[in-house]
Structures are given as C-alpha cells and as structure tokens.
Amino acid sequence: QVFLSVTSVLNMAVFKDHFVLEDLVEEMQKQSTALSFGPLQPNGRIAVRGSFPALSMLRDFLWLKARSLSEKDKREESKSYQRPRRRPQEHRGGTEKRNSVHSVRDAGGGKQEVVLDTDTYHYMRHFSPRTFQVNDVVISASTDGGITTVCIEEAGRKADAAHVSRVKRLIENCSIKLHKTLRKERICFQEQSRAEKQRYKRLCEGLKPRYPGVLIIPYDTHIDVIGTSSDIYEFTKEVRG
C-alpha cells in the first residue's frame, strides 16, 4: 500500500508525423533512466512507470519537443505565404499537424499544469490549502483515478506567465516533499454491512485528535489512511485492534 511509483500512459501519436516513434522512445529511455517503459503499442500509446519527479522531468522533455515542433511549423507557415499555393491539400495537412500539438503549446506561458498523485493532492488540499489559494491565478483540478491534473492560469491584471510558473513550482516542490514521506494504508471492510462501515468510521474519527497528521479518506468498500510510516502504522494498529 505504499505509493512510491505510478504508471502513466502516454499518447505518442501526436509525434508520428515528425518522428520515428521507436527512435523517440529510445531517446526518452536515455533521457529518463529512472523510469520503466512498456512496449510501444500500434496506436502510439506507451505505459511509463516511475516516481512523480521522474515523470515530471519526462513530461518537461516532451513539452520542449512539442513546442519546438510548433515553432518549426509556424516558421514553415510563414515561408509558405511567400510561395505559390500550388498544392492546397499538403498545406491543409501541415495545418492539421500544427493543431495536433496546439493544446500542448497553449499549456505553456499563462497556463501551466502539474500532474500529481491523487492521494498526495488530497493530503495537500487538507493540510496545505494555501498552496492552492494564490492571488492573481485560478487553480483548478481534474481527477482521473490515481492521477490528478492541477491547472494554473492567469487571473487579473497583475498576473503574468512568470507568476504562473512560480505557483507551479510551489505546488511541485510541496508535492515532491510529501512524496518522499507519505505512505498509505488501506483498511478494507471484511463485510459490506452498513454497521461495520460505520464502526470503522467512528473508530477513525475518534483517533483523529491523537494523529493530527493523518488524513482519512472513506470509500464504500474501504478507508484510506495517509500519513507518515510511523503514524499510519500506529493508527491502523489501533483501528484493527
């Protein structure tokens, strides 16, 4: 029940018109030796497993690749205005390639994203709420299972791209520190009776004052307990009796 790593599925198909995907994956493996890569699927998807800091570095590497392609397409489009448009179908194809990475390019500058482990995100929201309450930016989050994507955008006249980047780094640094210390233990309900669920929940609530650094997240089939190794060990030991 220790979340030291996470698996992310990358869609490499956006690069297929610019790179040989196998060569790009090989470059990624050399760039990110701490990550474990699955086989490249025919649809361009590949599973990558490792720590969040390592995945963040890989993500930044791919962002730079995508943005460089966007700038290249932009320059080629500028040159095309000086040439006779003899082959409009190819010109449209070039536009489609540029649009395929448009959303990636838009996420730079005044809009930044941080990918977090969902449990870490919940812990940060509970114990460090001010991390997500920063002036002149709008911070939103979208959760998909074990992954939560936090979006930071400019808001107000005082905001700028540099401020958005600082907020992103603040969230990343907080996440990295917690990632090194947090552990999770899952208390599963042996029976699906409502009485048993309520009993466990009452026990957890009663122990909260003695373990102020522990986060309790109840679900229908189990309760997740998140905190330091020593805290969750003692906490779950008392709950289970």
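Here the structure is a predicted model, which is why all the values come from computation and not from measurement.
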Given the options I226, L182, T148, D119 meets side-chain contact (heavy atoms from CB on, under 4.5 Å) only with I226
Within a strict 4.5 Å, meaning less than it, do heavy atoms of the K201 and I223 side chains meet? yes
Spatial distance of atom CD (E27) from atom CG (D23) [nearest 0.5 Å]: 9.0 Å
My understanding is that only residues two or more places apart in sequence, or in another chain, count here; which of them pass salt bridge (charged side-chain N to carboxylate O under 4.0 Å, His left out) with K30? E26
Tightest non-hydrogen contact, residues L62 and M28, listed as CD2-SD, 4.0 Å
Search all heavy atoms of Q112 against all heavy atoms of S165 and return the closest pair with its distance. NE2-OG, 3.7 Å
Roughly how far, to the nearest 0.5 Å, is NE2 of H163 from CG of N135? 7.0 Å
Any side-chain heavy atom of K184 within less than 4.5 Å of one from I232? no
Do L35 and L58 touch side chain to side chain, with heavy atoms closer than 4.5 Å? yes
Heavy-atom side-chain contact between K208 and I216 under 4.5 Å: yes
Which atom of T131 lies closest to which atom of M124, heavy atoms considered: CG2-CE, 4.1 Å
Assess whether side chain to side chain donor-acceptor pair (under 3.5 Å) is satisfied between E205 and Y200, documenting all intermediate values. CA-CA 9 Å; E205 290 295 327; Y200 272 117; over 6 Å; no
Is the distance between the ring centroids of H222 and Y219 less than 6.0 Å? yes
Search all heavy atoms of P212 against all heavy atoms of P209 and return the closest pair with its distance. CD-O, 3.9 Å
Would a single hydrophobic cluster contain both F15 and M57, if residues Ile, Leu, Val, Met, Phe, Trp and Tyr are joined by side-chain heavy-atom contacts under 4.5 Å? no
Evaluate the side chain to side chain contact (heavy atoms under 4.5 Å, CB included) criterion for residues R59 and E113: first the C-alpha distance (whole Å), next the side-chain angles of each, then the deciding distance (0.1 Å), finally the verdict. CA-CA 10 Å; R59 183 172 177 272; E113 291 182 346; 3.2 Å; yes
Pair R240 + E185: basic N to acidic O under 4.0 Å: yes
Pair V239-C204, side chain to side chain contact (heavy atoms under 4.5 Å, CB included): steps then yes or no: CA-CA 7 Å; V239 171; C204 290; 4.2 Å; yes
ILVMFWY network linking L55 to L40, side-chain heavy atoms under 4.5 angstrom: yes
Are M12 and F19 close enough that some pair of their side-chain heavy atoms sits under 4.5 Å apart? no
Are T118 and T143 linked by a side-chain donor-acceptor pair shorter than 3.5 Å? no
Checking E154 against D136 for the side chain to side chain contact (heavy atoms under 4.5 Å, CB included) test, could you report, in this order, the C-alpha distance in whole Å, the side-chain angles of both residues, the deciding distance, and whether it holds? CA-CA 6 Å; E154 296 177 0; D136 301 318; over 6 Å; no
Residue pair V164 / I152: nearest heavy atoms and the distance that separates them: CG1-O, 3.6 Å
Yes or no on side chain to side chain contact (heavy atoms under 4.5 Å, CB included) for R202 and Q198, after CA distance, side-chain angles and deciding distance? CA-CA 6 Å; R202 285 195 301 269; Q198 293 300 321; 3.6 Å; yes
Salt-bridged, E234 to R210, with N to O below 4.0 Å? no
Distance (rounded to the nearest 0.5 Å) between Q29 CD and L24 CG: 10.0 Å
Measure the shortest side-chain to side-chain distance between L116 and I171 over non-hydrogen atoms and say whether it is less than 4.5 angstrom. yes
Is a side-chain N or O of K16 found less than 3.5 angstrom from the main chain of L21, in a donor-acceptor match? no
Starting from Y121, can I reach I217 by hopping between I/L/V/M/F/W/Y residues whose side chains sit under 4.5 Å apart? yes
For S229, give me all partners under side chain to side chain contact (heavy atoms under 4.5 Å, CB included), at least two apart in sequence or on another chain. R183
Verify same cluster id: F61, V115 (apolar side-chain graph, 4.5 Å): yes
For Y233, which residues count as a ring pair (Phe, Tyr, Trp, His ring centres under 6.0 Å) partner, sequence neighbours excluded? none
Measuring from atom CD1 of I46 to atom OG of S8, what distance do you get when rounded to the nearest 0.5 angstrom? 11.0 Å
When you compare the side chain of Y211 with that of V225, does any pair of heavy atoms fall below 4.5 Å? no
Give me the atom names and distance for the closest heavy-atom approach of F127 to P129. C-CD, 3.3 Å
Interatomic distance, R166 atom CZ to R169 atom CZ [nearest 0.5 angstrom]: 7.5 Å
When rounded to the nearest 0.5 angstrom, what is the spacing between CG in N173 and CG in L178? 11.0 Å
May I ask you to test the S128-Y123 pair for a side-chain heavy-atom distance under 4.5 Å? no
